[in-house]
Amino acid sequence: MQAYLDNAATTKIDPEVFQVMSRALMEYYGNPSSSHALGRTAKGKMEQARKKVAQLFNASAMEIVFTSGATESNNLAIQSVLNSGKITQVITTDIEHHAVLDTIEFYCHQKKIKLSKVKLDEQGNVDLEDLALLLKEEATSFVSLMHANNEIGNLLPIEKVASLCMEYGAVFHCDTVQTIGHYVYDLQKMNIDFITCSAHKIHGPKGVGFLYVNKKNKLNPLFLGGNQERGVRAGTENVAAIMGLATALEIAYQGLEENEQNISLCRQQLMNDLKTHLPGVVFNGNTGDSLSTILNVELPTKKATDVVLFQLDLKGVCVSGGSACSSGSLKGSHVLSAFKKNLQNCNLRLSISRYTTQEEISYAVECLKEVADN
Ligand code: PLP
């Protein structure tokens, strides 16, 4: 038996996405920049995908830039705004993904821009009053706050933050990697400047994503050497992956309600079973207002996270100690340590997808109990 509860790190590809991509690899292999028929066909397929993506977010096609994933999308947006010379303060939190935090720290240091961190409460929620105070302090701020935290699942009240940013004339970038496919965005109505997407979090392929750039913003390229993506992202486009991304998004939004029901049931079962079989378990973060796919738990054991992960792995249970990108780092979770007092030995992130079954949940809890007790 196996249990895959690491869907916040990456998800299994949807068979329909795979079909679309394998056909594209065989048939639409022309370079979209070539003027001959094969090139034009590939370009046509890519532009169809862009239109599809734009429609799903009520954006216009010219606002969608295809990238290699969310790390690149975040870098592209952040460097573009911070290199513009117009920003005097960057506002973020200590619990952002490293693709945002490290990039912001790098450009703030290089450009000598003031960096302010919004306060968090004891559950890791962003303090909106503190955000408003910070926004009041400087006339030209760049706000980067993630929609759902990838380790604890806490949700940001995105509409309220967007309104605050509008009130104070701030640029708003939101890392929406974990919420895309689970939350409906109407980008014509929301005051958001940038959102980011990664296909492999929604049963699409790895190495592809997009950056939404509200048309009032001018984007400066991160890569030079080609006119692809209207000159803002040089490099031959990965047409098959882009088609896979669009298909994965379409499937996610078509099945949104049904999938969310199943995911919520699995999460509820996970919480109930953990409470029953592992008394003393603690749920980290704000479980009351959280993304349904993520549950972060403190296990009642003296064992360290790495030991527990290893023992679970031997039993075929895939979970993680935090974000996949930080595994291998000895520092532990920067997210939990940013708000949690008395951090204990073993904290795990369990994450669900539409493919998760109740059997997997039961098996994972059985193994968690065995590992925690022995
Ligand atoms: N932002 C968040 C919130 C994530 O969870 C991830 C992936 O772990 C990323 C950014 C980076 O995405 P990608 O793997 O597409 O570079």
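Read the numbers this way: they start at 1 and go in the same order the structure lists the ligands and their atoms.
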Would His200 count as a contact of ligand 1 if the rule is a heavy atom under 4.0 Å away?
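Yes, His200 has heavy atoms under 4.0 Å from ligand 1.
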Should Lys201 be listed as contacting ligand 1, given a heavy-atom distance under 4.0 Å as the test?
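Distance cut 4.0 Å: Lys201 passes for ligand 1.
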In this structure, is the centre-to-centre distance between the rings of Tyr253 and Tyr185 below 6.0 Å?
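Centroid separation for Tyr185 and Tyr253: 6.0 Å or greater.
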Ring-ring centroid check Tyr212 Phe210, cutoff 6.0 Å
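Not close enough - the centres of the two rings lie 6.0 Å or further apart.
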Atoms of ligand 1 less than 4.0 Å from [X] heavy atoms?
| X | value |
| --- | --- |
| Gln178 | 5 (O) |
| Met146 | 3 (C) |
| Ser198 | 13 (P), 15 (O) |
| Gly69 | 15 (O) |

Report the C-alpha separation of His147 and Gln178 in whole Å, then their side-chain angles, then the decisive distance to 0.1 Å, and conclude whether the side chain to side chain donor-acceptor pair (under 3.5 Å) test is met.
CA-CA 8 Å; His147 193 178; Gln178 297 290 343; over 6 Å; no
Nitrogen or oxygen of Thr71 less than 3.5 angstrom from that of ligand 1
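Yes: some nitrogen or oxygen of Thr71 is under 3.5 Å from one in ligand 1.
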Is Ala8 in polar range of ligand 1, meaning some N or O pair under 3.5 Å apart?
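Between Ala8 and ligand 1, no N or O pair is found under 3.5 Å apart.
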From CG (Asn7) to CD1 (Ile294), nearest 0.5 Å:
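That separation rounds to 9.5 Å.
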Rounded to the nearest 0.5 Å, what separates atom CG in Leu134 from atom CD in Glu129?
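Rounded to the nearest 0.5 Å, the CG-CD separation comes out at 12.0 Å.
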Check Glu366 with Lys369, please: is the shortest side-chain N to carboxylate O separation under 4.0 Å?
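Here Lys369 does not pair with Glu366 in a salt bridge, since their nearest N and O are not under 4.0 Å apart.
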Regarding atom 2 (C) of ligand 1: of the candidates His97, Glu72, His98, which has the closest heavy atom?
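Going through His97, Glu72, His98 one by one, His97 has the nearest heavy atom to atom 2 (C) of ligand 1.
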Fit a plane to each ring of His173 and Phe142, take the angle between them on a 0 to 90° scale, and name the class: parallel (under 30°), tilted (30 to 60°) or perpendicular (over 60°).
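Judged by the thresholds at 30° and 60°, the geometry between His173 and Phe142 is parallel.
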